[in-house]
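Shown next, in C-alpha cells, is the structure this report addresses.
Here is the naming used below: chain letters follow the sequence lines, and residue numbers restart at 1 for every chain. Since the model is a prediction, treat every value here as computed from it, not as a measurement.
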Amino acid sequence: MSEMWINMGPQHPMTHGLWNLRVRIEGELILDVDPEVGYLHRGIEKISEDRHYNEVITLMDRCCYVAGLAWEHLYILSAEQALHIAPPERAEYLRTMCDEFQRIASHQMWYAAFVQDIGLMSPFLYAMRDRDLVLDLLQDYTGARMTYEYMRVGGVRNDLPPGFTDRARKVLDWLTDRFREYDQLCLGSAIFHKRCDGLGILKANDAVAHGVTGPMLRSAGLKRDLRKDRPYSAYDRLEFDVALADGADVTARYLVRMEEMRQSVRILRQVLDWLDRHPGPAIAERLPRWLGAPYAPIGDEGYLLKRSFPKGVGLSSVEEPHGEAQAYVVNEGGEHPYRVKFRSPVFANVSAARQYLVGYHVADIPPIMGSVDVCVGEVDR
Amino acid sequence: MASLTLYSVSYDLAQALLGAIGSILPTGPRALITSSDVVTGLAVLVFGALLLAASMLNTILLIWWERKLLGRFMDRRGAMHVGYAGLLQNFADGLKLFRKNTFPPREADGLGFYFGPTAYMVSSLAIFGILPISSGWNSGALPLSLLLALTIFSFAPLFIFVSAWSSNNKYSLMGGLRSAAQMIAYEVPLLLAVVAVIIVAGSFDLTTIVYDQKNYWFWGPLFLALVVFVAAMLAEMERIPFDLPEAEAELVEGWNTEYGGMLFAFFMLADYLRALVGSILVVLLFLGGWTLPSWIPASLSAFPLAGIFWFMLKTYVVFGLFVWVRASLPRIRTDQLLRVGWNRMIPLALLSVFLAALLVTVRCVPVLGCVPSAGV
C-alpha cells in the first residue's frame with residue numbers, strides 16, 4: 001500500500017476526547033504523526049478575567065473531567081498567593097485528600113480507557129465500578145461527582161460529614177485488593193506484554209526536551225514529583241514514595257500509574273488519620289467580604305470594597321494526575337484576577353507524539369496514546 | 001433415533017398443504033400438484049425456510065447468550081428489560097436496524113458495496129444446509145459435507161474484502177486487508193486440524209464422523225488438533241483476541257465502518273452465524289455431535305428431539321467458552337497474529353496430523369482405548 005495520511009480524530013475511538021491525530025502511514029507502519037488540538041477551546045483563561053476569584057473555581061472543574069479537584073487546587077494555590085491569604089492547616093489536609101482521591105479516580109479512568117484500547121473488555125468495567133466508589137466518597141463531602149466546586153480561596157467550602165473517614169477507609173481497603181486484581185488481569189497476560197513491552201519509548205532526555213512531565217517522565221526513570229520536589233499543601237508532612245520505572249515504554253507507564261494509586265492509598269490513610277485527630281476550621285476566618293460564597297448576592301458593599309486589597313502575583317504548580325500543571329494569577333487589586341494563565345501537562349505530553357509514535361504500527365497507536373492519558377479539556381482549556 | 005426429522009416434518013407439511021389445495025381442485029390439476037415431484041420440491045423449499053428460521057433464531061439467541069455471559073463476566077447483568085431476561089432485546093435491535101436507511105458513501109462502488117454484505121450473509125447461511133444437527137437432519141447423504149462446509153466457510157475474506165474496498169474509506173480498506181491476511185493465514189492450520197480428524201474418522205461426511213465417536217469423543221486423542229482448531233476458528237470468526245480487522249480502538253469498525261442499517265445487520269448476523277458454525281463444527285468434530293457417551297444412562301437421550309437438545313447444549317457451551325476468551329484477553333497485533341499463525345499454528349497443526357496418523361496406525365492406546373477402524 002502506498003503512503004497516505006489518515007485522520008484519527010476529531011471523532012475517533014482512540015482519541016478519548018476532541019482532538020485529531022494525523023498519521024502518515026505506509027501499510028501498517030507509522031511514518032509521521034501530527035497532533036492537532038484546539039477543538040475544545042472555550043477560552044477559560046479569558047473568561048476568568050471577568051469573574052470573581054471564587055467564581056473561577058467552577059471553570060477549573062471544566063478543565064479536566066477526571067481531575068477537576070486537582071485543577072481547583074492548582075488555581076487556589078496561586079490565587080491565595082496573589083491575594084496574600086493563607087488557609088488553615090485542616091484545609092491543607094482536606095485539599096491533599098481531594099488531590100489523592102482525584103488521582104485514584106483519574107488513574108482508574110485511565111486504566112479503564114487503556115485496557116479498552118488494547119481490547120480487554122472486563123477490566124474496563126471493573127475499573128469503572130471501583131471508580132464509582134471513589135466518586136461516591138467525593139460526592140459525600142463535595143456534593144458532586146464531576147464538577148465539585150469544593151475549594152475556596154482561604155480554605156475549602158465545608159468540612160467532612162460525620163463518619164466520612166471510616167467510610168473512606170473501607171473503600172481504601174477494597175481498592176487495595178482491586179489493584180492486585182488489575183495487575184493480574186494485565187501483567188499476568190502474555191498478550192498484554194506482547195502488546196505493550198518496548199512500545200512508545202520516550203527516553204528521559206527527549207521527555208525533558210519536550211516538557212513531558214508526570215507519569216510519562218517518571219516511567220523513563222527520572223525521579224521528579226512536585227509533591228516531593230516542591231511540596232505544597234500537606235505533602236511535606238506525609239510519607240510516600242515516588243513511583244518510578246525505567247522502561248520508558250507503555251508497560252513502564254502502566255507500572256508507574258499503578259504504583260501511584262497504591263501510594264495515593266498510603267497518603268490517604270495518613271491524611272484520614274490526621275483529620276480524625278485535628279478538628280478545626282476548614283476555611284480562613286478573616287476573609288474580605290467580596291470573597292464570600294460565590295453565589296451570595298454581591299451588593300453595593302462588595303463593589304465599594306474592591307480597592308482595599310494589596311496587589312500581588314501568584315505562581316503555583318501542582319502534580320496533577322497527568323503531570324505538572326502550573327497556574328499564574330495576577331492580582332491588580334480588583335475583585336477579578338487581572339490575568340490567569342495555565343500550563344497543561346497533557347498539552348506537552350501530546351506535543352511530543354512524534355517522538356514516541358513514529359516507527360511503530362498503526363495498531364500500536366491505541367496502547368501508546370492510551371498510556372499518555374490524554375484529557376483534552378485541559379489541553380484546549 | 002426418533003423418526004421425527006426436519007425433512008420429514010417439511011415433507012409432511014408440504015403434502016398436507018398440497019393435499020388441501022388439491023382437494024378443492026378438479027381431478028386434472030389435483031393429480032399434477034399432488035404428484036411426488038411437486039411435493040418433494042415444495043418439501044425442499046419448506047425445509048430451507050425452516051432451516052433459515054431455525055438458524056436465524058439460534059443466531060439471535062446466541063447474541064443474547066453472549067450478551068448475558070459477557071455481562072456476568074463483567075459484573076453486570078447484560079440485557080434484561082425487553083422480554084423475559086432480555087430475550088427479546090436482540091429482536092428489538094434487529095427491528096431498529098431494519099427500519100434504518102443505508103447510506104453508501106458518495107464515491108463508493110455501488111455494486112460491491114451492496115454485493116459484499118449480501119454475499120457474506122448468504123454464504124454464511126448456506127453452511128447450515130450442510131451441517132447435520134442430529135441424525136436424519138439432512139435431506140440427503142453428503143459424502144463430502146465437511147469439505148463443502150469449510151469451502152463455503154472460507155469464501156468470507158473475499159466478500160469482506162470486496163465490501164471493504166468498495167466502501168472507499170481508508171479504515172475500511174485497512175480492516176479489509178487485515179481481515180483477508182488473517183483469514184487466509186488461519187485457513188491453513190484450520191484445515192490441517194480438520195485433516196487430523198478426517199484421518200482418524202476416515203470420512204469427509206460429518207454424520208459418519210459423529211458416529212465414529214461412538215466409543216469416545218475425539219477431543220481426547222486429538223487434543224492438539226482441537227486446540228489448533230479452536231484457536232484458528234477464533235481467528236476465522238474475528239473475535240477477541242483476533243478481532244483486529246475490526247479493532248474499534250484504531251480502525252473505528254474496520255471493514256464495516258461505512259455500513260449502517262440492514263447491511264450492517266447482515267454483517268452482524270453473518271458474524272454470529274459464522275460463530276455458530278464454528279461452535280457447531282467443534283461439537284461435530286470433537287465433542288461427539290448429538291450423541292452422548294456410553295456411560296451416561298440412555299434414558300437421558302430417550303425423549304423426542306433429544307439429539308437436537310444435546311447438540312444445542314454442547315454448541316452453546318462451546319460458544320460460551322469463546323465468550324469467556326473474549327471477556328478475558330486483549331487483542332494482539334496484526335504482525336504478531338500472522339507470525340503466530342505461520343510460525344506456531346501450522347507446525348502444531350502438522351504435528352497433530354502426524355499424531356492422528358500415528359493413532360490410526362497404532363489403533364489402540366492404553367488409556368484412551370481403540371479408534372474405530374478407518375473408513376467405516
Need one label for A/L21: side chain, backbone, both or neither, based on atoms under 4.5 Å from any heavy atom in chain B. neither

For the [atom1] atom of [X] and the [atom2] atom of [Y], what is their distance to the nearest 0.5 Å?
X: A/M121; Y: B/R331; atom1: CE; atom2: CZ; answer: 9.0 Å
X: A/D364; Y: B/D335; atom1: CG; atom2: CG; answer: 7.5 Å
X: B/D75; Y: A/M128; atom1: CG; atom2: CE; answer: 14.0 Å

For [X], ring-ring contact (aromatic ring centres under 6.0 Å, His included) partners two or more places apart:
X: B/F286; value: B/F229
X: A/Y356; value: none
X: B/F113; value: B/Y259

More than 12 heavy atoms of other residues, nucleotides or ligands under 6.0 Å from [atom1] of [X]: yes or no?
X: A/W5; atom1: CH2; result: yes
X: B/F91; atom1: CZ; result: yes
X: A/R145; atom1: CZ; result: yes
X: A/F347; atom1: CZ; result: no
X: B/W165; atom1: CH2; result: no
X: B/R344; atom1: CZ; result: no
X: A/D32; atom1: CG; result: yes

Does the side chain of B/M74 reach to within under 4.5 Å of the side chain of A/R129, using non-hydrogen atoms?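 Of all side-chain heavy-atom pairs linking A/R129 with B/M74, none is under 4.5 Å.
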
Pairwise side-chain contact, B/M174 with A/M4, heavy-atom cut-off 4.5 Å (strictly under): yes

What are the two closest non-hydrogen atoms of [X] and [Y], and how far apart are they?
X: B/P330; Y: A/I118; value: CB-O, 3.3 Å
X: B/Y171; Y: A/I6; value: CE2-CD1, 4.2 Å
X: A/L120; Y: B/L329; value: CD2-C, 3.7 Å

Heavy-atom donor-acceptor pair, A/S122 side chain to B/A327 backbone, under 3.5 Å: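 Here the side-chain-to-backbone pair exists.
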
Residues of residues 171-180 of chain A under 4.5 Å from chain B (heavy atom pairs)? none

Evaluate A/Y360 against B/R333 for side-chain contact (heavy atoms from CB on, under 4.5 Å), listing each step before the verdict. CA-CA 11 Å; A/Y360 299 101; B/R333 220 167 54 204; over 6 Å; no

